[in-house]
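The structure under discussion appears below in the form of structure tokens.
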Amino acid sequence: MAQTTRIAVTPGDGIGPEVVAEAVRCLEILRTRHNLALEWSRFPWPSHAWHEEHGECWPQDALEQLKAYDAILLGALGDPGPIHDTDRYLLPDSLSLAPLLDMRKGFDQWVCERPARLLPGARQYLRDDRAKDIDMLVIRENSEGEYVSQGGRLRQGTPDEVATQMEVFTRRATERIIRYGFEQARKRAGERVQDGRTRSFQTLDGTTCESQVCLITKRNALRYWGDMYTEVFEDISQEYPDVATHHELVDAACMKFVSCPWAFDVVVASNLQGDILTDLAAVISGGMGVAPSCNLNPTNPDLPSMFEPTHGSAPDIAGQGIADPTAMLFTTARMLEWLGRKDPLLSQAGQELFDAVAAELAAKGKEQRSTREIGDAICKRLGA
């Protein structure tokens with residue numbers, strides 16, 4: 001019998017508890033139906049509510065508690081909403097979102113992986129019919145770069161205040177994120193061949209490949225890390241002659257994400273630039289309401305990876321029961337797929353959940369329904 005897989009469920013703020021509740025319902029059905037060796041614990045932190053009661057977003061030993069789990073399923077962090085409540089308990093993002101960065105760094109979740117594929121039923125924001133072929137994977141370096149929190153404020157609050165924010169890049173982290181990008185490009189190409197939906201990308205010498213990795217930098221202005229990324233990218237690409245390569249500056253990449261997103265396959269970017277690009281990719285592939293996100297540690301299976309939808313806590317609709325749980329359910333499916341490295345049954349369950357959510361999106365994605373109604377429909381597809 002497979003060893004029990006344990007999930008830490010952290011609903012968080014705003015619509016987080018609402019969409020997480022639907023994810024847990026699906027997990028319960030899948031666990032019962034397939035007799036999965038799966039269990040989970042719900043934590044009331046990190047959250048605004050916990051901070052309001054305890055003066056901190058989570059306990060001092062939170063990371064140590066979470067370390068005992070195989071994965072973390074996070075709803076959302078931020079303003080608890082709703083915004084019409086003038087007495088709501090507010091925290092600055094630097095406090096309310098700090099646990100998110102602490103988990104990424106504390107568990108060395110060095111890959112942020114966000115797929116962007118325009119599925120049937122999702123809203124198509126771009127009029128060009130070629131937008132139906134959007135199918136990219138944006139890989140964001142998640143452990144260093146612009147988010148290392150090195151810096152400070154001198155003479156704070158005075159006219160002479162100085163704020164510094166340092167970017168730190170290492171060759172080790174650069175090599176592993178770029179190599180991961182090439183490995184994912186090969187994997188995606190193989191999956192497409194099996195599904196009969198091959199793609200083609202040209203190299204500079206005219207060779208046609210079935211996959212591509214595009215490196216994003218701002219090396220014309222941020223030359224030091226940009227040059228290191230570029231040099232490492234060139235070195236590693238020699239090991240993958242079957243994968244086409246491409247480079248874009250981040251501003252040009254933003255324009256091309258909008259004008260020709262179907263031209264991208266795998267995209268590798270730094271922490272901040274990847275953060276911005278993944279949100280843009282989410283919108284052009286159907287919107288934040290359908291976009292999953294994964295924070296992964298591929299190198300240490302003893303540390304939990306963390307899974308969250310790309311959207312935030314949506315304080316404007318919190319508590320109304322109208323939040324779309326689709327992104328949360330796609331995220332849960334990817335979590336199960338990831339956990340399938342230890343238990344293949346979990347991977348199968350993840351695929352089943354993905355198929356059910358995708359089928360419901362294709363059938364009724366254009367309809368306005370409540371959170372519960374969407375959850376009921378997907379549970380029904382799962383055989384509840």
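Position 1 is the first residue of the sequence, and the numbers go up from there.
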Has the side chain of [X] got a donor or acceptor atom that lies under 3.5 Å from a matching backbone atom of [Y]?
{"X": "R155", "Y": "D160", "answer": "yes"}
{"X": "D70", "Y": "I7", "answer": "no"}
{"X": "Q124", "Y": "D128", "answer": "yes"}
{"X": "R199", "Y": "W262", "answer": "yes"}
{"X": "R31", "Y": "L36", "answer": "no"}
{"X": "R6", "Y": "L38", "answer": "no"}
{"X": "Q320", "Y": "D316", "answer": "yes"}
{"X": "R341", "Y": "W338", "answer": "yes"}
{"X": "T198", "Y": "V193", "answer": "no"}
{"X": "S211", "Y": "V243", "answer": "no"}

CA sep, side-chain torsions, deciding dist, call: E167, Y224, side chain to side chain donor-acceptor pair (under 3.5 Å) | CA-CA 11 Å; E167 301 177 340; Y224 301 116; over 6 Å; no

Given E146 and S270, is the side chain to side chain donor-acceptor pair (under 3.5 Å) satisfied, shown in steps?
-> CA-CA 8 Å; E146 302 91 342; S270 71; 3.0 Å; yes

Got a sec: does the [atom1] of [X] have more than 12 other heavy atoms crowding it under 6.0 Å?
{"X": "Q60", "atom1": "CD", "result": "no"}
{"X": "E161", "atom1": "CD", "result": "yes"}
{"X": "Q238", "atom1": "CD", "result": "yes"}

I178 with V111, same ILVMFWY side-chain cluster at under 4.5 Å |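 As far as the 4.5 Å side-chain criterion goes, V111 and I178 are connected within one cluster.
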
Group every Ile, Leu, Val, Met, Phe, Trp and Tyr by side-chain heavy-atom contacts under 4.5 Å, then state whether Y147 and L296 land in the same group.
->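 No, Y147 does not connect to L296 through the hydrophobic network.
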
Student check: side-chain heavy atoms of [X] and [Y] closer than 4.5 Å:
{"X": "R153", "Y": "V162", "answer": "no"}
{"X": "R176", "Y": "W110", "answer": "yes"}
{"X": "R42", "Y": "V20", "answer": "no"}

Do the ring planes of F330 and F354 sit parallel (below 30°), tilted (30 to 60°) or perpendicular (above 60°)?
->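 Tilted: the ring planes of F330 and F354 meet at 30° to 60°.
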
Walk me through it: do T299 and N297 pass the test side chain to side chain donor-acceptor pair (under 3.5 Å)?
-> CA-CA 6 Å; T299 46; N297 184 334; 3.0 Å; yes

Check this for me, if you would: do [X] and [Y] make a salt bridge, where the nitrogen-to-carboxylate-oxygen distance has to be below 4.0 angstrom?
{"X": "R104", "Y": "E144", "value": "no"}
{"X": "R197", "Y": "D135", "value": "yes"}
{"X": "E239", "Y": "R179", "value": "yes"}
{"X": "D376", "Y": "K380", "value": "no"}
{"X": "K105", "Y": "D102", "value": "no"}
{"X": "E248", "Y": "K256", "value": "yes"}
{"X": "R372", "Y": "E18", "value": "no"}

Nearest 0.5 Å please: distance from the [atom1] atom of [X] over to the [atom2] atom of [Y].
{"X": "M136", "Y": "Q212", "atom1": "CE", "atom2": "CD", "result": "10.0 Å"}
{"X": "T326", "Y": "E360", "atom1": "OG1", "atom2": "CD", "result": "8.5 Å"}
{"X": "E191", "Y": "Q184", "atom1": "CD", "atom2": "CD", "result": "8.5 Å"}
{"X": "Q273", "Y": "I216", "atom1": "CD", "atom2": "CD1", "result": "8.0 Å"}
{"X": "M255", "Y": "C260", "atom1": "CE", "atom2": "SG", "result": "10.5 Å"}
{"X": "H34", "Y": "I29", "atom1": "NE2", "atom2": "CD1", "result": "10.5 Å"}

Which residue, E308, Q109, R114, forms the side-chain hydrogen bond (donor to acceptor under 3.5 Å, both in side chains) with N295?
->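 The side-chain hydrogen bond (donor to acceptor under 3.5 Å, both in side chains) with N295 is passed solely by E308 among E308, Q109, R114.
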
In sequence, state the C-alpha distance, the side-chain angles, and the governing distance for F182 and F233, and then conclude on ring-ring contact (aromatic ring centres under 6.0 Å, His included).
-> CA-CA 10 Å; F182 277 98; F233 183 70; 5.5 Å; yes

T10: what forms a side chain to side chain contact (heavy atoms under 4.5 Å, CB included) with it, not counting sequence neighbours?
->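 Listed in chain order: F43, P46, I72, L74.
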
Between Y69 and F107, does the ring centre distance come in under 6.0 Å?
-> no

Starting from the C-alpha separation in whole Å, work towards a yes-or-no answer on side chain to side chain donor-acceptor pair (under 3.5 Å) for S96 and H48.
-> CA-CA 7 Å; S96 64; H48 274 65; 4.7 Å; no

